[in-house]
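Shown next, in structure tokens, is the structure this report addresses.
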Amino acid sequence: MWQTIVNAFKIKDVRNKILITIALLFVYRLGCYIPVPGVHFITEETFNNFTYLQIMSGISGGALQYGTFFAMGIGPYINASIIIQLLTVGIPYLENLSKQGEEGRKKINNYTRILTLILAIAQSIGILVTFSNQSEGYVVPAELFGNEGFARFASYAFLVVVYTAGAALTMWIGERITDYGVSNGVSLLIFAGIIATAGNAIIGMFTNWNDTSLWIIIGFVLAAILIFAAIVTVDSAERKVPVQYAKQVKGRKMYGGQSTHIPIKISSAGVMPLIFAFSILSFPNLILELFGNNDNWYTQNMGTGSWVYTVVLCVLILVFSYFYNSIQFKPDDISKSIQQNGGFIPGQRPGKPTTDYLKRVSDRITLFGAIYLAVVALIPSLVFKAIGGASLMNVFSATGLLIVVSVALEFDQALQSQIMMKNYKGFLK
């Protein structure tokens, strides 16, 4: 990857895209430190009572805990994208738009932006109300607009507008990175937030140094290397289904007669099943936390780390893996495309037998991928908890690890693609 970066900086156009990406990421990180008038940061003791919000703050690089301009981060946009993606499957109008090419994609993106603003407003209201009810937390001081009656309402309305604007600007930065930079902008924003939070956690360990800190850091580094290696190995693995194309004579030319393959990735769904499963399990806990009910049956029996939570999480990962695979992988379409182009899978008859074969292979690969996601969801938390890295456990959770590795691989592939395009001279040269 380092050699790819060095080669990229030798090409002017690619170098400019990298610099634009770095500049936009710097603007995003700068916004995570801009304070908002009328807001005090959350003390560590108060913030640790909210598990779901700790993870949200980890993705935003700690901006949520300190109540800065980009406190909402890219979270509302991610949630809106997931909701629109699910609705595209169930609503015929959105499904038709997804098949209309560039124009349909632009309309779906507009709906995603509108839903992002709605979710940002709802999320900012919920968080402000929740923390204002705590003894130490987000406080709207009297010197802003006043703390009684309509003045208090105006104070909260001002903060909601500011945080919604921050979420909209974050969304804009992510889209600009995608358009003018390298790789996917939203993924890079999440990557930057997780890395920043991890850096703060590691600095905190050095600040509070004791006799066991050295062993914790060594154990953390070794565990992170092993987990990263395992994720990279499985993430790049794929099943290659061979396809043979028969020779066809058209006019004076002969076409076909070549062998190729259909790549089916083991983790084609990526981190999405894990995000869906985590969101469903965390939603009741989030509602209860927002209403100030931290000591309840759900938290005690379905909280993070309980065996019931573990079992339900694994089941949901399995279900959503098959659901997401059914959206992405269409055996019928692939079978028809192979047959129309004069191809066939060795040992399988064209038509329905080929469709059944592809579906069977896909289901087996999906099962292995779901088991892999479930293991990745459990092992990191257990390892970091065993070595005593409690502050790192929320940062490098299963979702965080998958996102960091996936984004790094995606960025490397995007750079290699840009380098290849610029180095290709064409047949006229």
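Along the sequence shown, residues are numbered consecutively beginning with 1.
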Nearest heavy-atom pair of [X] and [Y]: which atoms, and what distance?
| X | Y | value |
| --- | --- | --- |
| Ala167 | Ala120 | CB-CB, 3.8 Å |
| Ala414 | Val182 | CB-CG1, 3.9 Å |
| Asn325 | Ser362 | ND2-OG, 2.8 Å |
| Tyr111 | Leu97 | CE1-CD1, 3.8 Å |
| Thr354 | Arg349 | OG1-O, 2.6 Å |
| Met72 | Tyr163 | CG-O, 3.9 Å |

Kindly compute the distance separating [atom1] ([X]) from [atom2] ([Y]), expressed to the nearest 0.5 Å.
| X | Y | atom1 | atom2 | result |
| --- | --- | --- | --- | --- |
| Asn96 | Gln100 | CG | CD | 6.5 Å |
| Arg29 | Leu189 | CZ | CG | 10.0 Å |
| Tyr180 | Leu24 | OH | CG | 10.5 Å |
| Thr366 | Phe323 | OG1 | CZ | 13.5 Å |
| Ile84 | Ile108 | CD1 | CD1 | 8.0 Å |
| Ser321 | Ile365 | OG | CD1 | 12.5 Å |

**Study point:** Arg364, CZ atom: more than 12 neighbouring heavy atoms under 6.0 Å
**Key:** no
**Prompt:** So with a 6.0 Å cut-off around CZ of Phe368, is the heavy-atom count from everything else above 12?
**Reply:** no
Side-chain touch [X]/[Y], heavy atoms, less than 4.5 angstrom:
| X | Y | value |
| --- | --- | --- |
| Tyr77 | Thr112 | yes |
| Leu188 | Asn184 | no |
| Ile190 | Ile78 | yes |
| Leu119 | Ile83 | yes |
| Ile338 | Ile262 | yes |
| Ile264 | Lys240 | no |
| Lys359 | Asp363 | yes |
| Ile173 | Ile74 | no |

Applying salt bridge (charged side-chain N to carboxylate O under 4.0 Å, His left out) to Glu102 and not counting sequence neighbours gives Arg105
Could you list the donor-acceptor pairs under 3.5 angstrom formed between side-chain atoms of residues 330-337 and any protein atom two or more places apart in sequence or on another chain?
residue : atom : partner : partner atom : Å
Lys330  : NZ   : Ser326  : O            : 3.2
Ser335  : OG   : Gly351  : O            : 3.1
Ser335  : OG   : Thr355  : OG1          : 3.3

**Prompt:** Can we say Asp13 and Lys17 salt-bridge, meaning some charged N sits less than 4.0 Å from an Asp/Glu carboxylate O?
**Reply:** no
**Prompt:** Salt-bridged, Lys352 to Asp356, with N to O below 4.0 Å?
**Reply:** yes
- After noting the C-alpha distance and the side-chain angles of Leu318 and Leu367, does the key distance pass the side-chain contact (heavy atoms from CB on, under 4.5 Å) rule? CA-CA 7 Å; Leu318 180 64; Leu367 177 61; 3.8 Å; yes
Tested for side-chain contact (heavy atoms from CB on, under 4.5 Å) against Leu159, the lone hit among Val36, Thr164, Ile125 is Val36
By ring pair (Phe, Tyr, Trp, His ring centres under 6.0 Å), Phe70 pairs with (sequence neighbours left out) Tyr28
The residue among Asn109, Thr116, Asn110 that forms side-chain hydrogen bond (donor to acceptor under 3.5 Å, both in side chains) with Arg113 is Asn110
